Amino acid sequence: LGFDNIQPYLDNKTDFGAFIGRYGNRIDKGQFTIDGIEYQVSVNDGTNSLHGGVKGYQYCMFDIEQINNQQLVVSYTSADGEMGFPGTLNMKATYTLTDCNSLVIAYEATTDKATVVNLTNHSYFNLAGDAQSVLDHMLYLNADAYTPVNDIFITTGEIASVEGTPMDFRQPTR
C-alpha cells in the first residue's frame, strides 16, 4: 500500500511506507551508553526516541539507483551527531522483486564510530487490494520467541517464548 506519487509523502509526517532508521523502534528516554559515553538522541515520542527521532530516515531524501527492472538501491549518509547519534553512518538497502514475486530487502551499514543502528521498513501490505479487509489473510512467522514491551512500548530485554501467546504464528493463522 502506498501513495501514487511523492507529494503526499512530503506533505504528511507519517511513517507510512517509509524506510526507518537510524534506530527503528523506541529508545528509552532517548538515552544510551556506548564505551562509557552517554548519548542523548532526539526525543519525539513522549519521553522516548522513536524511529530515529524528530528527523528519522523516514523524513530524509535518499539517493536512488535502479539497477535493473527488478532491483533498486537506496542509500543515505547520516553525519556523526545527526539526531544525537554517534558516528557517520553510510547505509543502503537493496530492494529486489524476485521471479517468484517475493520482495527481498537487504540492508547494509558501515560506520566510523561505535553506534547503534536498527534499520527497517514501514511498508504495509494488503494482498486483497487496498479497498479490501486484511482480516482473512493468513500469517506465518518462523519464530519461537519475541521481545516483550512495557507499558510505553520499550522492549524489556526479555526473550520470551511465543507459545500460548497472541504472538504465536508458527502455524498459519488468520
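Keep in mind that what you see is a predicted model, and the values were worked out from it rather than measured.
Residues His51 and Asp15 are in side-chain contact: their nearest non-hydrogen atoms beyond the backbone lie under 4.5 Å apart. Residues Phe32 and Tyr23 fail the side-chain proximity criterion, which asks for heavy atoms closer than 4.5 Å. Taking the side chain as every heavy atom from C-beta outward, Arg22 and Thr115 approach each other to under 4.5 Å. Two residues are said to be in side-chain contact when any heavy atoms from C-beta on lie closer than 4.5 Å; Asn118 and Val116 fail this criterion. Gln31 places a side-chain heavy atom less than 4.5 Å from the side chain of Glu38. For the pair Ile67/Val73, a side-chain contact is recorded, criterion being any heavy-atom separation below 4.5 Å from C-beta on. In this structure, the side chains of Asp63 and Lys92 stay at 4.5 Å or more apart for every pair of heavy atoms. Looking at Tyr39 and Thr33, their side chains never come closer than 4.5 Å, going by heavy atoms from C-beta outward.
Residues Thr120 and Gly24 approach most closely at CG2-CA, 4.4 Å, considering heavy atoms. In terms of heavy atoms, Tyr107 sits closest to Leu119 at CD2-CB, 3.8 Å. Contact record, Leu89 with Ala109: CD1-CB, 3.9 Å, taken as the closest heavy-atom pair. Considering all non-hydrogen atoms of both residues, Ala128 and Ser133 come closest at CB-O, 4.2 Å. Taking every heavy atom of both residues into account, Ala114 and Asp35 meet most closely at CB-OD2, 3.8 Å. In this structure, Gln58 and Ala18 approach most closely via the heavy-atom pair CB-CB, 3.4 Å.
More than 12 heavy atoms of other shown residues, nucleotides or ligands fall within 6.0 angstrom of atom CG in Leu139. The environment of Met61 atom CE is sparse: at most 12 non-hydrogen atoms of other residues, nucleotides or ligands sit within 6.0 angstrom.
Although no hydrogens or angles enter the test, the distance criterion places no donor-acceptor pair under 3.5 Å between the side chain of Thr165 and the main chain of Glu163. Judged purely by atom type and a 3.5 angstrom limit, Asn126 uses its side chain to pair as donor or acceptor with the backbone of Gln132. No donor-acceptor distance shorter than 3.5 angstrom exists from the side chain of Glu65 to the backbone of Leu72, with no hydrogens or angles considered. Side-chain N or O atoms of Gln66 include one that pairs as donor or acceptor with a backbone N or O of Asn68 at under 3.5 Å. With hydrogens and angles ignored, the 3.5 Å screen pairs a side-chain donor or acceptor of Asp168 with a backbone N or O of Arg170. In this structure, the side chain of Thr111 engages the main chain of Thr88 through a donor-acceptor pair within 3.5 Å. Checked by atom type and distance alone, the side chain of Ser49 pairs as donor or acceptor with a backbone atom of Ser42 at under 3.5 Å. Listed for the Glu158 side chain is no donor-acceptor partner under 3.5 Å among the backbone atoms of Val149.
Checking each of Thr96, Thr98, Thr94 against Gln71 for a side-chain hydrogen bond (donor to acceptor under 3.5 Å, both in side chains) leaves exactly one that passes, namely Thr96. Considering Thr155, Asn48, Asn44, Asp45 in turn, Asp45 is the only one that fulfils the side-chain hydrogen bond (donor to acceptor under 3.5 Å, both in side chains) rule with Arg26.
Tracing side-chain contacts under 4.5 Å through hydrophobic residues (I, L, V, M, F, W, Y), one reaches Ile37 starting from Met83; they form part of the same cluster. Phe85 is not connected to Tyr59 by any chain of hydrophobic side-chain contacts under 4.5 Å among Ile, Leu, Val, Met, Phe, Trp and Tyr, and they are in different clusters. Note: the hydrophobic cluster containing Ile105 does not contain Ile20 (ILVMFWY, side chain heavy atoms under 4.5 Å, direct or indirect links). Clustering ILVMFWY residues whenever any of their side-chain heavy atoms sit less than 4.5 angstrom apart, transitively, puts Ile154 in a cluster other than the one holding Val43. Both Phe3 and Tyr124 are assigned to one and the same hydrophobic cluster, defined by single-linkage of ILVMFWY side chains at heavy-atom distances under 4.5 Å.
Separation of atoms CZ (Phe19) and NE2 (His122) is listed at 12.5 Å; rounding is to 0.5 Å. Atoms CG and OH, from Leu97 and Tyr95 in turn, are 13.5 Å apart once rounded to the nearest 0.5 Å. Here CG of Asp144 is found 14.5 Å from CE of Met167. Values are rounded to the nearest 0.5 Å.
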Asn150 vs Thr156, test: side-chain hydrogen bond (donor to acceptor under 3.5 Å, both in side chains). Steps then yes/no. CA-CA 6 Å; Asn150 65 18; Thr156 64; over 6 Å; no

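Screening residues 76-86 for salt bridge (charged side-chain N to carboxylate O under 4.0 Å, His left out), with sequence neighbours left out, gives Asp80-Lys113.
Residues satisfying the ring pair (Phe, Tyr, Trp, His ring centres under 6.0 Å) criterion with Tyr57, sequence neighbours excluded, are Tyr76. In this structure, Phe153 has no ring pair (Phe, Tyr, Trp, His ring centres under 6.0 Å) partners at least two apart in sequence or on a different chain.
Side-chain contact check for Glu108 and Asn90: no donor-acceptor pair (N or O, by modelled atom type) lies under 3.5 Å.
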